[in-house]
Amino acid sequence: TILPPELQRIARIKESHPGNLMAKHFREEYFFKLNSDKRTRLLVCCREGVENAEARVGITGRPDDYNDFKPYFDKVICDLLGLKGGIVRVSHWVPSDGPKLDLTSLGLGEPTLAGGAFVHLEPLLPPPS
């Protein structure tokens, strides 16, 4: 099977730059289970790591990307932070009892979650005994 050029490049980066977490955790099986639109979006998320093979993380995304590609993003984030188990996302951007924080109204555009900058991560802990 001949892979698309983007996937060939990711495979080469996986071999040549094992520290690139985008390539390390990229799985063709997962990619091909996605519909065409999501495949395109995932490749956009991976662009940083494809264009800069020496990148440590190599993925960026918007909030919906983190949700839609959770299995992939979680592996990269857990590896980056040395977490075992999984990730719980907690957002403090929209208070449940207060006004919505709208960054676009400030002229800042849609927030991008580059390198997890706006993601609060907590390792999954066992319930207290």
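Model, not experiment: these values are computed from the prediction.
Rounding to the nearest 0.5 angstrom, the gap separating the CG atom in Leu21 from the CZ atom in Phe73 is 12.5 Å.
Residues Val76 and Val57 have side chains in contact (heavy-atom distance under 4.5 Å, counting atoms from C-beta outward). No side-chain heavy atom of Phe69 sits less than 4.5 Å from a side-chain heavy atom of Ile59.
Using modelled atom types, no side-chain atom of Tyr66 and backbone atom of Asp74 make a donor-acceptor pair closer than 3.5 Å.
Listed by first and then second residue, the salt bridge (charged side-chain N to carboxylate O under 4.0 Å, His left out) pairs involving residues 13-23 amount to none (not counting sequence neighbours). Residue pairs satisfying the side-chain hydrogen bond (donor to acceptor under 3.5 Å, both in side chains) criterion with at least one member in residues 16-28, sequence neighbours excluded, are listed as follows: Lys24-Asp79, His25-Asp79.
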Would you be so kind as to tabulate the donor-acceptor pairs closer than 3.5 Å made by side chains of residues 32-46, with sequence neighbours excluded?
residue, atom, partner, partner atom, Å
Asn35, OD1, Asp37, N, 3.1
Asn35, OD1, Lys38, N, 2.8
Arg39, NE, Phe31, O, 3.3
Arg39, NE, Leu34, O, 3.0
Arg39, NH2, Phe32, O, 2.8
Arg39, NH2, Leu34, O, 3.4
Thr40, OG1, Ser36, O, 3.2
Arg41, NE, Asp65, OD1, 3.1
Arg41, NH1, Asp68, OD2, 2.9
Arg41, NH2, Asp65, OD1, 2.7
Arg41, NH2, Asp68, OD2, 2.9

Please output the side-chain donor-acceptor pairs of residues 3-13 that fall under 3.5 Å, not counting sequence neighbours, one pair per line with the distance.
residue, atom, partner, partner atom, Å
Gln8, NE2, Leu3, O, 2.5
Arg9, NH2, Val50, O, 3.3

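The shortest non-hydrogen separation linking Met22 to Gly49 is CE-C, 3.4 Å.
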